[in-house]
Structure formats: C-alpha cells, structure tokens
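Take a look at the structure below.
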2 protein chains.
Amino acid sequence: MGVTKTEIFTEEQNRIADLAKAFAHPARVAILQLLAQKKACVCGDLVDELPLAQATVSQHLKELKRIGIIQGEINPPRVCYCINEPVWEEARQAFGSLFDIYVKAAACC
Amino acid sequence: MGVTKTEIFTEEQNRIADLAKAFAHPARVAILQLLAQKKACVCGDLVDELPLAQATVSQHLKELKRIGIIQGEINPPRVCYCINEPVWEEARQAFGSLFDIYVKAAACC
DNA sequence: AAGGATTATCGTAATATTGCGATTTGATTT
DNA sequence: AAATCAAATCGCAATATTACGATAATCCTT
C-alpha cells in the first residue's frame, strides 16, 4: 500500500518518525548541515552548493519546512532559510531521550 | 525518479540518512523502543505488540538489520532480536555531532 | 518421516518519494 | 508596462516504501 498507518501509533512515535525524515535523505542532511553551519541561507546558494536541480532543492526545502525544522524568510526576490531553533532542539531532545532508553546490561538474547 | 543520487553525497551524509531511516517510520520507532527497553525480544512478541501483520513486522526487522542497528539470534523455532550496541552508539554519536554543529547566535536571516 | 511452531520470503497492490524540465508566481527594476 | 530575477509549483517518469495474504523455509518434537 505504501501508506503508513499513523493512527495506530502514538503521537510521540509519529513525531519522532517525522523528525527522522528530515535526516533520512542525504540531500536534506546536506541542506541542514549547510544551514546549521550558516554557510548558506539563500535558496539560490543552496542550489549552487548541491548538485541537484533547483526544483529538487525546493522540494526538499518544502519538506523540511513541513516538518518545521527550518523556516524561510521572504526577502524579495530571494528567500532566506534558516534552522528553526525550537524544532532543532525538539529533535535533539527527542533523539537524545530515545537513545537513552537503551541501557546495555541485561541483554535478553 | 524515486532514486536517490547517493554518489553525489559524502559517505557521512549517506550514512546519517541511512541511520535516520531506522527511525523514519513509526513502526520502526516502536520496534526500537521495545527492543531498547527489552520489553520484547522475540519476533513473535513484537508482532503481538504491534498492530501489524507478521509479514510487515518481519520486513521492518529486515530493514533495521540491513542498517545494522539490530541483530537477530536464531533460537529455534524463534528469533531473538536485540539492539546492536555499536551501531546504536554510532547513531547516538552521529546525531549528537550533527545537532551540535548548530550554534544559535549569528543568525543570517 | 510427519507434524507443529515460528519466521522469512514471494507476489501483488497501493501509495510515497525522488528528480527534473517547464511553467508560474511574486516582487523589483527599468 | 515590460523585462528580469529568484523561488515555488506543476506534470511527469521512475523507483522506493508500506502492507498483507499466501507460501516457503527452518528446525524442533513426536
């Protein structure tokens, strides 16, 4: 089907999955790295840095905006993108907590 | 096309994207949470915990094994899964470093 | 050897994602 | 008003993902 049954999982699980999607494609990792390092900000600069078509970059930016991890400020005729700090921290926290629920000891197999 | 151009990205970016995929679906988040908390281990128990068909759970387990974040030990007629600690730590590290490259200040927009 | 229990794989269907050329939109500049 | 620039959106094609029933494989038990 290709359709995820979101309704059968918790809000938290769905949110983590969504946040993870921001990082689940190398192009988006590259974009987030560039923005986090502030090496690029304007959409056109991102397109120059990445070997992908403008339309493709724009699509990845749209997905990142949907997740909320970046935001865009219109500055005609350009758009300046940057990390949306609250969501960046939310992601850091979410993954941090997730990684911490594992404690070696007591292996069960 | 639906085909990611992995060759144009760095090894690190591709690896992060792959690790993120482990968490990019709520069912896999649920599975990893169960394994990390050792609430379940045997494949059949995971199937019982999740409202998904056995074939579907098996497929998610296969993907998690491909990424390397879990491992399975055959214990006929069952298979006991658990977190593969080195990769779990690799993921913790990778995401930790990624989140840390962002420093508020110096916003560019 | 036959049966039972458990998990993996196959085949299929539906939806999602990735990528890009072409076009459109939005706003400035001439 | 026309031209221009940057970015978003459209439309399409190709591949990937998600899900599940059915079947196969595996290995123990009888």
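Naming: A, B, ... by sequence-line order, numbering from 1 per chain.
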[X] [atom1] to [N] [atom2]: how many Å, rounded?
| X | N | atom1 | atom2 | result |
| --- | --- | --- | --- | --- |
| I31(B) | dA19(D) | CD1 | P | 10 Å |
| K5(B) | dA16(D) | NZ | C1' | 17 Å |
| N75(A) | dA7(D) | CG | P | 10 Å |

Problem - Salt-bridge contact R15(A)-E12(A) (side-chain N to carboxylate O under 4.0 Å) - result: no
Exercise for the section: May I ask you to say whether R92(A) pairs ionically with D100(B), meaning some side-chain N is under 4.0 Å from a carboxylate O? Expected result: yes
Polar atom pairs between nucleotides 25-30 of chain C and protein, under 3.5 Å, N or O only, would you list them?
none

Problem - Nearest-nucleotide 5' precedence on DNA chain C, C43(B) against T6(B) - result: C43(B)
Problem - Residues touching DNA chain D, which here means a heavy atom under 4.0 Å, drawn from residues 47-66 of chain B - result: L52(B), A53(B), A55(B), T56(B), Q59(B), H60(B)
Handout entry: Validation row: Y81(B), I31(B) side chains within 4.5 angstrom (heavy atoms)
Key = no
Problem - P51(A) vs I8(B) side-chain heavy atoms within contact, under 4.5 Å - result: yes
Any sub-3.5 Å donor-acceptor pair from [X]'s side-chain atoms to [Y]'s backbone N or O?
| X | Y | result |
| --- | --- | --- |
| N14(B) | T6(B) | yes |
| W88(A) | F99(B) | yes |
| Q13(B) | T10(B) | yes |

Completion exercise
Which of dT17(D), dT6(C), dA16(D) is nearest the side chain of V3(B)? It is dA16(D)
Practice task
Supply the atom-to-atom distance F23(B) CZ to L98(A) CG, rounded to the nearest 0.5 angstrom.
Solution key: 5.0 Å
